[in-house]
Amino acid sequence: MERLVKFEVLGQEYPLYTDATEDDVAEILDLVKSQFEVYARSSSSLPVNKLAILTSINMAGKYVKLKRDFEQYKHRVG
């Protein structure tokens with residue numbers, strides 16, 4: 001069942017509707033926060049919205065690589 005989860009990053013609160021488990025939500029939010037904070041430390045002069053875009057692009061890049069690696073793995077094993 002979908003529910004509202006609120007989380008905070010760099011002092012700003014964000015609402016998120018999700019049907020993910022509590023454990024999954026915690027893991028996802030920890031990952032987002034850690035990635036966001038990496039960019040915030042290295043680019044302290046950027047506004048939060050730009051930090052969010054950089055974080056999203058970085059995470060999307062990791063997802064695409066993981067997806068590609070998994071496809072290659074399936075071809076090797078299958």
N/O donor-acceptor pairs under 3.5 Å from side chains in residues 69-76, not counting sequence neighbours:
residue : atom : partner : partner atom : Å
D69     : OD2  : K65     : NZ           : 2.7
E71     : OE2  : K74     : NZ           : 3.2

Please list, one pair per line, the donor and acceptor atoms closer than 3.5 Å that link side chains of residues 26-39 to other protein atoms, with sequence neighbours excluded.
residue : atom : partner : partner atom : Å
S34     : OG   : D30     : O            : 3.2
S34     : OG   : L31     : O            : 2.9
Q35     : OE1  : K62     : NZ           : 3.4
Y39     : OH   : N58     : ND2          : 3.2

*Can you check side-chain contact (heavy atoms from CB on, under 4.5 Å) on K6 and L16, steps first, answer last?*
CA-CA 6 Å; K6 294 180 182 178; L16 168 71; over 6 Å; no

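Every residue two or more places apart in sequence or in another chain was checked for a side-chain hydrogen bond (donor to acceptor under 3.5 Å, both in side chains) with E2, and none qualifies. Looking at residues two or more places apart in sequence or on another chain, you find no side-chain contact (heavy atoms from CB on, under 4.5 Å) involving E8. The side-chain hydrogen bond (donor to acceptor under 3.5 Å, both in side chains) check on E13 picks up nothing, with sequence neighbours excluded. Taking T21 as the reference, D23, D24 meet the side-chain contact (heavy atoms from CB on, under 4.5 Å) condition, with sequence neighbours excluded. Applying the side-chain contact (heavy atoms from CB on, under 4.5 Å) criterion to P15, with sequence neighbours excluded, gives L4.
Rounding to the nearest 0.5 angstrom, the gap separating the CG atom in L51 from the OG atom in S42 is 8.0 Å. The line from CZ of R3 to CG of D19 is 8.0 Å long, rounded to the nearest 0.5 Å.
Counting side-chain heavy-atom gaps under 4.5 Å among Ile, Leu, Val, Met, Phe, Trp and Tyr, the cluster of V64 also holds Y63. Membership of an apolar cluster is not assigned to L66, as no side-chain contact below 4.5 Å to another ILVMFWY residue is traced.
V5 and M59 fall into different hydrophobic clusters, defined by Ile, Leu, Val, Met, Phe, Trp and Tyr side-chain heavy atoms under 4.5 Å apart, directly or through other members.
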